[in-house]
Student: 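Okay, handing you the structure first.
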Amino acid sequence: MQAERTERSDKRFAIKTQCLLNIGGAKYRCLIDNLSTTGASIEMDGPVQEGIKVGETGSLKALLLTAVEYRCKVVRVEGAHLGVQFLDT
């Protein structure tokens, strides 16, 4: 399922760092492709598991300058890639 694409409100920065995505009580180890102040593009180890759907909320933990955790919502699912929007930013 694909979400409708909209214009981004801020610039994305290419960054590769490991992260932990917690959606629906399940935890997935993955890699951040790029990051902005409002969201991130995430690469999963394989095809996105059946349990992850557009609109679900959860959290994303990443090691940037320090360990950070964002509440997020899945806005895009394409093969092994996810797009998440940060909530409360």
Side-chain angles (χ1 to χ4, degrees):
M1 172 186 253
Q2 290 184 3
E4 184 176 310
R5 294 201 183 259
T6 58
E7 286 295 316
R8 291 191 174 117
S9 60
D10 62 346
K11 184 176 178 175
R12 292 208 173 239
F13 296 94
I15 183 171
K16 295 279 186 179
T17 188
Q18 291 185 351
C19 60
L20 183 65
L21 180 65
N22 184 343
I23 297 288
K27 294 181 180 177
Y28 305 95
R29 293 201 176 278
C30 39
L31 185 70
I32 292 177
D33 286 318
N34 64 59
L35 183 70
S36 74
T37 58
T38 60
S41 174
I42 300 169
E43 182 179 328
M44 306 294 282
D45 286 338
V48 174
Q49 287 78 2
E50 291 291 318
I52 301 176
K53 306 282 187 228
V54 169
E56 289 187 291
T57 59
S59 65
L60 178 69
K61 285 186 182 181
L63 182 60
L64 300 175
L65 294 176
T66 62
V68 294
E69 184 170 0
Y70 300 99
R71 284 187 355 98
C72 63
K73 176 173 75 169
V74 177
V75 294
R76 178 176 45 87
V77 176
E78 295 174 346
H81 287 85
L82 293 177
V84 297
Q85 177 183 26
F86 299 142
L87 304 173
D88 303 327
T89 57

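Every value quoted in this text rests on a predicted model; they were computed, and no experiment measured them. Along the sequence shown, residues carry numbers from 1.
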Student: For the residue pair C30 and E43, what are the closest heavy atoms and their distance?
Tutor: CB-O, 3.3 Å
Student: What pairs of donor and acceptor atoms, side-chain ones from residues 15-26 against any protein atom, are under 3.5 angstrom apart with sequence neighbours left out?
Tutor:
from: K16; atom 1: NZ; to: D33; atom 2: OD1; distance (Å): 3.2
from: T17; atom 1: OG1; to: L63; atom 2: O; distance (Å): 3.1

Student: Between L60 and V84, what is the shortest heavy-atom contact and its length?
Tutor: CD2-CG2, 4.3 Å
Student: State, to 0.1 Å, how close V74 and K53 come at their nearest heavy-atom pair, and which atoms those are.
Tutor: CB-O, 3.6 Å
Student: Quick one: does Y28's side chain get under 4.5 Å of I52's, heavy atoms only?
Tutor: yes
Student: Holding to side-chain hydrogen bond (donor to acceptor under 3.5 Å, both in side chains), I want the full list of residues that pass it with E69, two or more places apart in sequence or in another chain.
Tutor: S59
Student: Return the minimal non-hydrogen interatomic distance between F86 and L35, and the atom names on each side.
Tutor: CZ-CD1, 3.7 Å
Student: Roughly how far apart are H81 NE2 and M44 CE, rounded to 0.5 Å?
Tutor: 11.0 Å
